[in-house]
Amino acid sequence: MAGAHRGNLAAVTATLIDGKALGAKVREEVAASVAELGHVGLATVLVGDDPASHIYIDLKQKAATEAGMDARDLKLPADMAEEELLETIAELNADDGIDGLLVQLPLPDHIDENRVIEAIDPAKDVDGIHPVNAGRLYLGRPTLVPGTPLGIMRMLDEYEIPLEGGHAVVVGRSAIVGKPVAHLLLQRNATVTICHSRTQELERHTLDADVLVAAVGRTHLVSADMVKVGATVIDVGMNRDDSTRKVLGDVDPAAMERAAYMTPVPGGVGPMTIAMVLQNAVTAARLRRPAVVATRKN
Ligand code: NDP
């Protein structure tokens, strides 16, 4: 980490990391790549009527269409049989026009989520959740990585936050955020600590973080006095306040007076996630069709 991130005891007001602007920039890059490739097919699969899942899928469909992708929107009944869903996935795996495929989670209770995830062709797994992709990430090999951690890394790079040799603390160890972001930070030579619900004296760890990633799902769990002066704070939390209906983060916004860089909620990590899923579809398309790319470049 650069010296500016260490030992600066004066109060600072954080530079906001603008996920909205950066997400838009990534989507423009994706659109340019789609135009270059000629065709990128993305299929989304939604089972059931969960309102939040419908909103997420519609946002992904809209963003994919705007980027010029061939976006296929499969909305399937809540009572469909698991075998039927597995057959649909097998058809999409075999469909040459489809480069990327995602199944919106959670699935209805009667469907085994792990079986469904493992049925997705790892080469088309734009959510980066297939065990093969998770294993490649663990081994530090190139792979499709979940959108949120990928978006976090892009933000850190865009704002030139030094990682090598510094202490990165990740609060939360889920398969879609905490663990993958910890691995990505490790790949970039940060010294990584992962905290979770059984961690004792959480503040002892967070106070030593040059880069702090909070991915917990508890409103303002991380208070300002738990943040090191001069730290970079990435707040992944999206917690709906029951009375105001506002979306609040896992970190108290008062931490901006101590952090050097911080993501706002909303407008931080959130807009990056969909953009990076689209980027994964482009990556999947390039990996599946290297010959096409080589011909176009010549
Ligand atoms: P999960 O519920 O899967 O994981 C939460 C993690 O937080 C768990 O590892 C849990 O520990 C840990 N945890 C719970 N309580 C504490 C505590 N008191 N102290 C320390 N750690 C604790 O959540 P996700 O990773 O899926 O999501 C986290 C948050 O990020 C949510 O608010 C979610 O809405 C948001 N999110 C936002 C996205 C975006 O695009 N902005 C995308 C994905 C998620 P343990 O493992 O021990 O149970």
Side-chain angles (χ1 to χ4, degrees), residues 16-24 26-27 50-53 55-60 62-63 102-107 113-114 117 126-129 134 137 145-156 168-185 192-209 212-223 225-227 233-242 245-253 255 262-280:
L16 284 185
I17 298 181
D18 187 346
K20 211 169 157 196
L22 185 52
V26 171
R27 289 204 306 276
D50 178 61
S53 293
I55 293 171
Y56 292 139
I57 282 293
D58 291 346
L59 286 172
K60 288 171 196 173
K62 184 168 175 275
L102 68 86
V103 178
Q104 185 68 39
L105 303 178
L107 289 165
E113 219 158 79
N114 287 333
I117 290 170
V126 289
D127 271 341
I129 52 175
L137 177 61
V145 175
T148 304
L150 209 54
I152 292 170
M153 298 311 287
R154 177 70 193 260
M155 288 174 137
L156 293 171
V169 175
V170 180
V171 190
R173 55 174 165 180
S174 71
I176 58 159
V177 190
K179 279 181 188 149
V181 82
H183 280 293
L184 292 171
L185 290 161
V192 181
T193 299
I194 305 177
C195 303
H196 46 77
S197 66
R198 313 294 168 89
T199 298
Q200 293 178 3
E201 297 178 64
L202 184 62
E203 66 283 1
R204 205 160 53 82
H205 303 284
T206 59
L207 265 175
D208 190 49
L212 176 62
V213 179
V216 178
R218 282 175 178 238
T219 304
H220 302 173
L221 173 84
V222 177
S223 56
D225 59 5
M226 290 168 73
V227 171
V233 179
I234 306 290
D235 188 354
V236 185
M238 289 197 330
N239 311 294
R240 179 78 64 183
D241 184 274
D242 286 338
R245 307 304 298 153
K246 281 189 178 165
V247 177
L248 303 172
D250 288 344
V251 182
D252 188 332
M262 187 160 157
T263 58
V265 177
V269 176
M272 293 301 291
T273 298
I274 292 180
M276 301 317 282
V277 170
L278 298 185
Q279 185 180 292
N280 273 342

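Counting starts at 1 for both ligands and their atoms, following the listed order. These numbers come from a predicted model, not from an experiment.
- Asn280 pairs by the side-chain hydrogen bond (donor to acceptor under 3.5 Å, both in side chains) definition with nothing, not counting sequence neighbours.
- Qualifying side-chain contact (heavy atoms from CB on, under 4.5 Å) partners for His220, counting only residues two or more places apart in sequence or in other chains: Leu248, Asp252, Pro253.
- Side chain of Arg173 to main chain of Gly178: no donor-acceptor pair is present (N/O by atom type, distance under 3.5 Å, no hydrogens or angles).
- In this structure the side chain of Asp18 never reaches within 4.5 angstrom of the side chain of Met155, judged on heavy atoms.
- Remark: Lys20 engages no residue in a salt bridge (Lys or Arg N to Asp or Glu O under 4.0 Å) (not counting sequence neighbours).
- Near ligand 1, heavy-atom contacts under 4.0 Å come from Thr148, Val171, Gly172, Arg173, Ser174, Ile176, Val177, His196, Ser197, Ala215, Val216, Gly217, Arg218, Leu221, Val236, Gly237, Met238, Asn239, Val269, Gly270, Thr273.
- With values rounded to the nearest 0.5 angstrom, Ile152 atom CD1 is found 10.0 Å from Asp235 atom CG.
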